[in-house]
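Hydrogens, waters and symmetry mates are skipped; everything else that's a heavy atom, side chains included, is used. Just so it is clear: chains get the letters A, B, ... in the order the sequence lines come, proteins before strands, and each one is counted from 1.
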Number of protein chains: 2
Amino acid sequence: MMEIKKRSDCPISSSLDIWGDKWSLLIVRDLMFKKQCTYGDFLKSDEKIATNILASRLQMLETNGVIIKLDHPESKAKVLYKLTQKGVDLLPLMIEINLWADKYFTLPIEIKSMLKEVKKDKDAFIKHKKIELL
Amino acid sequence: MMEIKKRSDCPISSSLDIWGDKWSLLIVRDLMFKKQCTYGDFLKSDEKIATNILASRLQMLETNGVIIKLDHPESKAKVLYKLTQKGVDLLPLMIEINLWADKYFTLPIEIKSMLKEVKKDKDAFIKHKKIELL
DNA sequence: AAATTCGCTTGCGTTTTGCAAGTGCAAATA
DNA sequence: TATTTGCACTTGCAAAACGCAAGCGAATTT
């Protein structure tokens with residue numbers, strides 16, 4: 001059902017084949033920065049993803065080892081989504097997107113203040129964040 | 001015709017609104033690493049982009065200030081495409097994609113050897129490459 | 001027992017993609 | 001000069017993906 005067709009051996013191309021669409025990295029963002037973890041939480045994000053698209057992207061990311069589904073500790077009706085190591089490793093890339101956007105868009109102050117931290121010591125920020133995510 | 005609808009103020013979302021599809025970053029890649037600059041050159045890349053998609057992405061990237069069209073020095077029939085500062089600033093992000101892919105895919109040796117350089121001194125690599133691109 | 005929450009799935013109309021062919025202008029060739 | 005070739009797109013159309021609303025089964029709450 002969810003077959004991955006690699007267009008070439010290029011690293012950019014292969015990466016885009018997995019998460020190169022308008023939604024996947026927003027799911028990763030939520031998992032990374034907002035700590036949102038349930039299906040319903042993703043739906044609450046500002047961008048308003050459609051339920052079927054969300055389901056297909058979660059499936060795609062899970063198939064490709066970027067996220068995992070876990071039982072929710074509080075309830076059997078809920079599902080917890082979490083980044084894998086492979087997903088956490090997208091952090092440097094996510095930070096660079098943020099820094100690029102910081103240069104060319106007007107960002108919310110909460111994000112600007114986070115980026116102030118990043119700019120002070122990028123490696124330290126990444127190291128700290130990775131620990132907190134795994 | 002090419003209206004940009006921002007889904008939210010999130011930097012990831014805003015960035016994806018511009019280049020968050022399966023093709024745009026491959027165009028940026030060609031401009032960045034292969035020095036391909038004409039319309040025909042893009043078509044020659046391994047991924048085989050369709051002509052109409054190429055035209056629409058070039059338009060999108062130009063509208064958003066990531067690339068510029070220039071007269072080709074050799075001929076009026078040809079067009080030269082080049083990264084702007086905004087486009088060159090995507091370099092750190094492109095490198096992080098490469099590094100992520102290096103960890104999870106098997107890459108061609110030419111690219112692996114480039115990444116060896118990158119890993120030795122990332123900032124130096126970026127600095128050098130930026131100069132060469134502008 | 002009934003209503004609500006949760007994580008999806010389904011249907012369906014609209015948009016985007018992918019492929020092939022065509023167009024107009026510039027440049028090379030005959 | 002006439003014709004062919006090359007280049008940068010544009011157009012038409014079928015297929016796939018998207019976006020919205022509604023529905024559905026299992027778990028939880030009332």
Side-chain angles (χ1 to χ4, degrees), chain A residues 1-8 13 16-27 30-31 34-64 67-82, chain B residues 1-8 13 16-27 30-31 34-64 67-82:
Chain A
M1 171 216 174
M2 187 68 67
E3 271 187 61
I4 313 133
K5 46 203 158 188
K6 273 182 83 175
R7 289 172 295 173
S8 78
S13 168
L16 292 176
D17 286 339
I18 295 180
W19 46 255
D21 66 277
K22 294 239 178 294
W23 296 106
S24 295
L25 287 187
L26 296 183
I27 292 172
D30 286 353
L31 256 17
K34 298 190 181 173
K35 305 282 165 44
Q36 291 184 340
C37 294
T38 70
Y39 189 89
D41 287 332
F42 293 122
L43 292 177
K44 285 177 204 142
S45 289
D46 289 342
E47 295 84 8
K48 300 288 159 233
I49 190 172
T51 56
N52 56 339
I53 307 292
L54 176 56
S56 80
R57 291 310 177 280
L58 288 171
Q59 175 67 260
M60 180 64 143
L61 291 172
E62 195 193 4
T63 300
N64 286 283
I67 64 174
I68 25 161
K69 283 171 83 162
L70 300 173
D71 292 340
H72 197 287
E74 292 173 10
S75 153
K76 281 185 189 173
K78 292 186 185 178
V79 178
L80 259 188
Y81 287 95
K82 198 173 174 298
Chain B
M1 170 216 175
M2 188 69 66
E3 271 188 60
I4 316 132
K5 46 203 161 193
K6 274 183 81 175
R7 289 172 294 174
S8 77
S13 167
L16 293 176
D17 286 338
I18 294 180
W19 46 256
D21 67 277
K22 294 237 179 293
W23 297 106
S24 295
L25 288 186
L26 296 182
I27 293 173
D30 285 354
L31 256 16
K34 298 189 182 173
K35 305 280 162 51
Q36 290 183 337
C37 293
T38 71
Y39 190 91
D41 288 332
F42 294 122
L43 292 177
K44 285 175 203 142
S45 289
D46 289 342
E47 295 84 7
K48 299 290 158 230
I49 188 171
T51 57
N52 56 340
I53 307 292
L54 176 56
S56 81
R57 291 309 177 279
L58 288 172
Q59 174 67 261
M60 181 64 143
L61 291 172
E62 195 193 3
T63 300
N64 286 283
I67 63 175
I68 27 163
K69 283 170 82 161
L70 300 173
D71 291 340
H72 197 288
E74 290 173 12
S75 154
K76 280 185 187 173
K78 292 186 185 178
V79 178
L80 260 187
Y81 287 95
K82 197 173 175 297

Please confirm whether the backbone N or O of [Y] pairs with a side-chain atom of [X], one donor and one acceptor, at under 3.5 Å?
X	Y	value
A:Lys82	A:Cys37	no
B:Lys69	B:Tyr81	no
B:Ser56	B:Ile53	yes

Rounded to the nearest angstrom, tell me the gap between atom [atom1] in [X] and atom [atom2] in [N].
X	N	atom1	atom2	value
A:Lys44	C:dG7	NZ	C1'	13 Å
B:Asn52	C:dC19	CG	P	10 Å
B:His72	C:dA28	NE2	P	12 Å
B:Lys22	D:dA17	NZ	C1'	11 Å
B:Leu58	D:dC7	CG	P	16 Å
B:Leu54	C:dT16	CG	P	18 Å
A:Leu43	C:dC6	CG	C1'	10 Å
A:Lys76	C:dC6	NZ	C1'	15 Å

**Study point:** 5' precedence on DNA chain D between A:Glu74 and B:Tyr81 (nearest-nucleotide basis)
**Key:**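 By nearest-heavy-atom nucleotide position, the 5'-most residue is B:Tyr81.
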Using a cut-off of less than 4.0 Å, is there contact between a side-chain N or O of [X] and OP1 or OP2 of [N]?
X	N	value
A:Trp23	D:dG19	yes
A:Lys69	C:dC8	yes
B:Arg57	D:dC9	no

Exercise for review: Check every strand shown and say whether B:Phe42 touches a base, only sugar-phosphate, or nothing at a heavy-atom separation below 4.0 Å.
Suggested key: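 Counting heavy atoms under 4.0 Å across all strands, no contact is made by B:Phe42.
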Review point. With a non-hydrogen cut-off below 4.0 angstrom, is B:Lys48 in contact with a base, only sugar-phosphate, or nothing?
Key: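 Here B:Lys48 touches no strand at all.
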Practice item. Name the residue closer to the 5' end of DNA chain C, choosing between A:Thr51 and B:Asp21 according to the nucleotide with the nearest heavy atom. Key: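 With A:Thr51 and B:Asp21 compared, the 5'-side residue is A:Thr51.
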Exercise for review: Take A:Thr38 and B:Ser75, find for each the nucleotide of DNA chain C with the closest heavy atom, and name the residue whose nucleotide sits nearer the 5' end.
Suggested key: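 Closer to the 5' end of DNA chain C: A:Thr38.
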Point to revise | Among D:dC9, C:dT16, C:dC8, the nucleotide that comes nearest once only the side chain of B:Lys5 is considered | key: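 Nearest listed nucleotide: C:dT16.
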Practice item. Side chain of B:Ile53 only, please: which of C:dG18, D:dT10, D:dA8 is the nearest? Key: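 The closest nucleotide is C:dG18.
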**Study point:** Residue pair A:Ile27 / A:Arg57: nearest heavy atoms and the distance that separates them
**Key:**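 In terms of heavy atoms, the two residues are closest at CD1-CB, 3.6 Å.
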Point to revise | salt bridge (Lys or Arg N to Asp or Glu O under 4.0 Å) between B:Arg7 and B:Asp17, worked out | key: CA-CA 8 Å; B:Arg7 289 172 294 174; B:Asp17 286 338; 2.9 Å; yes
